[in-house]
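Below, chains carry the letters A, B, ... as their sequence lines are ordered, and counting in each starts from 1. FYI, side chains are in, hydrogens and waters are out, and symmetry mates aren't considered; it's all heavy atoms of this structure.
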2 protein chains.
Amino acid sequence: MSSATPLKRRRGRPPKDQAGFSQTKAELIRSGMEVLTEKGYSATGIDEILRRVGVPKGSFYHYFKNKDAFGSELISNYAKFFEHKLDRSLGNRSLPPLKRLSAFMQDAIDGMARHQFKRGCLVGNLGQEMGALPESFRRQLIEVFETWQQRLEACLEEAKAAGDISSDTDCKQSAYLFWTGWEGAVLRAKLERTPNALQSYADFFINSLK
Amino acid sequence: MSSATPLKRRRGRPPKDQAGFSQTKAELIRSGMEVLTEKGYSATGIDEILRRVGVPKGSFYHYFKNKDAFGSELISNYAKFFEHKLDRSLGNRSLPPLKRLSAFMQDAIDGMARHQFKRGCLVGNLGQEMGALPESFRRQLIEVFETWQQRLEACLEEAKAAGDISSDTDCKQSAYLFWTGWEGAVLRAKLERTPNALQSYADFFINSLK
DNA sequence: GATTTTTATAGACGATCGGTCTAATATTTT
DNA sequence: AAAATATTAGACCGATCGTCTATAAAAATC
């Protein structure tokens with residue numbers, strides 16, 4: 001909970017110490033991420049995002065052209081964050097490939113648990129909402145999936161090379177399937193507010209590789 | 001497309017032929033189903049649902065207490081519709097169990113294709129939106145999943161009895177996993193506007209049973 | 001068959017909220 | 001000190017939700 005900061009904001013041009021970095025913008029992005037992963041895009045008003053961090057509307061429209069542009073930045077931000085996470089986990093050479101995947105999933109489960117399974121995946125949320133979203137989001141979201149898929153594909157190739165999974169596994173296809181099903185599991189975990197779907201899917205997928 | 005019906009509606013008490021059945025109410029539900037499977041709950045306004053079928057607001061609030069009650073009825077309606085569909089397909093004794101499942105999936109793929117993959121699954125859509133929905137929807141949605149799961153579980157048990165799948169398969173667990181992953185595939189098909197995710201998942205799941 | 005009751009349509013209305021835009025303010029730059 | 005720039009402040013407009021009253025037409029009642 002990072003609610004209502006009653007902090008009085010200084011108006012006017014800020015001191016020139018922090019080059020290019022804006023505290024306020026960062027707060028808006030974090031706040032937006034929290035709300036959107038929980039409620040999605042359409043159901044979330046800008047006011048709510050602002051209220052949480054005590055930022056007035058003017059600031060929002062200073063940093064972002066409009067809600068759509070904000071959403072787009074959130075996706076980029078989320079993608080970058082996740083990419084690093086995947087590089088660290090799935091690319092962690094100190095663990096055998098499949099263990100890395102299991103560790104990633106367990107990590108995600110713990111993460112969702114920390115928020116009582118109320119927050120889902122931004123990409124999944126927006127994907128489902130596509131019908132009501134600006135068309136430009138589509139390519140962006142598809143590309144995020146592709147990036148994730150590549151990371152996993154590489155990891156699975158390592159597993160194959162190590163003989164941990166069948167040599168005739170189509171790693172690309174498996175990686176594609178993984179993320180497809182994973183999003184389903186996240187959705188259901190959110191609905192049921194339990195780790196069950198995630199846990200089951202984790203076991204299932206790992207098993208399907210053998 | 002069942003857009004703007006300029007049809008002039010008869011006011012007043014309707015003729016007493018149709019016991020309990022209301023044409024208007026049915027139209028509202030169908031219209032709502034179309035829009036909600038495409039855009040979700042929060043992104044959809046009542047006005048849009050009404051405009052599509054040329055029904056004035058007064059009628060809406062005559063048939064439904066409010067938007068939430070309407071949404072709840074939509075879920076029930078969808079659940080009932082789907083239940084019958086599952087009974088027909090998964091319970092079709094003239095086909096071997098696994099073929100029934102494949103047929104069901106192919107049918108769903110065709111269905112989504114007919115709408116250019118713009119419409120998803122109502123349950124999946126609302127599930128993802130839970131964070132912004134009335135809490136009462138949660139139980140309703142969970143129960144729908146359970147119903148679907150039971151239907152599939154029974155079908156898988158038949159497959160097991162027939163020796164089509166391994167005798168140590170946990171059919172309940174498999175059925176749970178199926179729907180979890182399936183929702184993920186529907187989501188992704190909607191995002192990518194192609195049958196690819198559905199097709200891949202169909203093959204994958206069937207294969208995982210053997 | 002005239003009156004009352006019931007069922008349904010019609011749409012105006014107010015409150016609220018989301019998104020945009022202009023004004024005000026405080027720093028930097030010149 | 002003046003001009004330019006970066007940021008905050010919040011007024012404003014339009015849309016949306018849900019209510020409420022008026023109207024209409026059929027059924028029920030007597």
Side-chain angles (χ1 to χ4, degrees), chain A residues 4-29 31-32 35-36 39-74 129 132-134, chain B residues 4-29 31-32 35-36 39-74 129 132-134:
Chain A
T5 310
L7 167 138
K8 201 59 198 159
R9 288 170 187 278
R10 293 219 327 242
R11 303 180 80 149
R13 185 168 184 164
K16 181 59 193 265
D17 47 335
Q18 38 186 1
F21 174 79
S22 163
Q23 170 71 22
T24 301
K25 184 173 183 181
E27 282 177 39
L28 287 174
I29 287 180
S31 173
V35 188
L36 289 220
K39 315 201 325 178
Y41 186 83
S42 309
T44 304
I46 292 178
D47 278 336
E48 180 177 356
I49 295 169
L50 297 171
R51 209 176 326 117
R52 287 186 161 228
V53 283
V55 170
K57 237 174 203 176
S59 299
F60 183 91
Y61 283 94
H62 171 67
Y63 292 111
F64 308 99
K65 182 168 159 291
N66 53 30
K67 195 190 180 190
D68 287 356
F70 178 65
S72 180
E73 273 211 48
L74 280 190
E129 283 186 87
L133 264 39
Chain B
T5 310
L7 169 136
K8 203 59 198 161
R9 287 171 186 279
R10 292 223 324 246
R11 305 178 83 149
R13 186 169 182 166
K16 184 58 194 277
D17 47 335
Q18 36 184 3
F21 174 79
S22 162
Q23 169 71 22
T24 300
K25 184 174 183 181
E27 282 177 39
L28 287 174
I29 287 180
S31 173
V35 187
L36 289 218
K39 314 201 324 180
Y41 186 84
S42 309
T44 305
I46 292 178
D47 280 335
E48 180 178 355
I49 295 168
L50 296 171
R51 209 177 324 118
R52 287 188 160 228
V53 282
V55 170
K57 230 173 208 178
S59 298
F60 184 90
Y61 283 94
H62 171 65
Y63 290 111
F64 309 99
K65 182 168 160 291
N66 54 30
K67 194 189 179 190
D68 288 355
F70 178 65
S72 180
E73 274 212 46
L74 279 190
E129 283 186 86
L133 265 39

Notebook entry, point to check: Checking salt bridge (charged side-chain N to carboxylate O under 4.0 Å, His left out) against A:Glu48, which of A:Lys39, A:Lys67, A:Lys57 comes through?
Noted result: A:Lys39
Margin query: In whole Å, I'd like the distance from the CG atom of B:Asn66 to the P atom of D:dT19.
Written below: 7 Å
Next item on the list: May I ask you to say what B:Gly58 touches in the nucleic acid, namely base, sugar-phosphate or nothing, with a heavy-atom cut-off under 4.0 Å?
Entry: base
Check: Could a donor-acceptor pair under 3.5 angstrom be found where the side chain of B:Lys67 meets the base of D:dG18?
Finding: no
Next item on the list: With heavy atoms under 4.0 Å as the rule, sort A:Thr44 into base, sugar-phosphate or nothing.
Entry: nothing
Note to self: If you compare every side-chain N and O of A:Tyr61 against the phosphate oxygens of C:dT20 (OP1, OP2), does one of them come in below 4.0 Å?
What the structure shows: yes
Notebook entry, point to check: Within this structure, what is the CZ-to-P distance between A:Phe70 and C:dT20, rounded to whole angstrom?
Noted result: 13 Å
Notebook entry, point to check: Do you know which two heavy atoms are closest between A:Tyr61 and A:Asn66, and how far apart they sit?
Noted result: CE2-CA, 3.6 Å
Notebook entry, point to check: Rounded to whole angstroms, how far apart are CG on A:Asp68 and C1' on C:dG19?
Noted result: 11 Å
Next item on the list: Working to the nearest 0.5 Å, report the span between OG of A:Ser72 and CZ of A:Phe64.
Entry: 10.5 Å
Check: Does OP1 or OP2 of C:dT9 have a side-chain N or O of B:Thr24 closer than 4.0 Å?
Finding: yes
Next item on the list: Figure out the CD/P separation between B:Gln23 and D:dA26, and round it to whole Å.
Entry: 17 Å
Note to self: I want to confirm an ordering. Mapping A:Tyr63 and A:Lys57 to their closest nucleotides on DNA chain D, which one lands closer to the 5' end?
What the structure shows: A:Tyr63
Check: Quick one: is A:Ser59 getting a side-chain N or O under 4.0 Å of the D:dT8 phosphate, OP1 or OP2?
Finding: yes
Next item on the list: Could you check how far CG of B:Asp47 sits from C1' of D:dC17, rounded to whole Å?
Entry: 8 Å
Item checked: Rounded distance in Å - NZ (B:Lys65) to C1' (D:dC20) -> 16 Å
Note to self: Just verifying a value: how many Å separate A:Ile49 CD1 and A:Phe70 CZ, rounded to the nearest 0.5 Å?
What the structure shows: 4.5 Å
Next item on the list: May I ask you to test the A:Leu133-A:Asp68 pair for a side-chain heavy-atom distance under 4.5 Å?
Entry: no
Checklist line | Spacing between B:Ile49 atom CD1 and D:dT16 atom P, to the nearest angstrom | finding: 12 Å
Check: Given atom CD1 of B:Ile46 and atom P of C:dG11, what is their separation to the nearest angstrom?
Finding: 17 Å
